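Since we're looking at a predicted model, the values are computed, not measured.
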Amino acid sequence: MAEIRGLASEQCGGRICERLATSEDYKLLENMNKLTCLKYMEMKDIAGNISRNLKDLNKKYSSLQPYLEQINQIEEQVASLENAAYKLDAYSKRLVRGQITISAYGEWREEKLEGEKGRNTKRQQHMGANVSMGHLMGP
């Protein structure tokens, strides 16, 4: 009988140990759940701040949009002016080299003289009262 009691106490003691271990596991899981909830709350606050900041940035961007469009238009105009300046510069260089002659009556003539390498001669003439900017940027 003593053996049976010993076996019975060992079995009961084993069950108590199992119950204590299970209880400790539940407490650990409960603590982990509490920490997880706190982390999720922190993440929710951070996401809320990000959302507010993003809305503010979108409002600021929409208020700047007209100015950005004006900048784009100015940039296009500057590019157009640069192009006109390059054409005018090329035309003035041809004038200096004598490839283009302008008469007192507004006639202009462009000649590409035959060079040392045997290029063909090219002539263009225009008749008009004045040489306008369009003609300055001519062919």
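In this structure, CE in Met43 is found 10.5 Å from OG1 in Thr36, a value given to the nearest 0.5 Å. Within the model, atoms CD1 of Ile74 and CG of Leu81 stand 11.5 Å from one another, a figure rounded to the nearest 0.5 Å. Between the CD atom in Gln70 and the CD atom in Gln77 there is a gap of 10.5 Å [rounded to 0.5 Å]. Here the straight-line distance linking atom CG of Asn33 with atom CG of Leu38 works out to 11.0 Å at 0.5 Å rounding. To the nearest 0.5 Å, the span separating CG on Leu64 from CG on Leu57 amounts to 10.5 Å. Atom CZ of Arg94 and atom CG of Asp89 lie 11.0 Å apart (nearest 0.5 Å).
Gln65 and Tyr61 are linked by a side-chain donor-acceptor pair at a separation below 3.5 angstrom, with hydrogens and angles left out of the test.
With hydrogens and angles ignored, the 3.5 Å screen pairs no side-chain donor or acceptor of Ser51 with any backbone N or O of Ala47.
Looking only at side-chain heavy atoms (C-beta outward), Ser23 and Lys27 come within less than 4.5 Å of each other.
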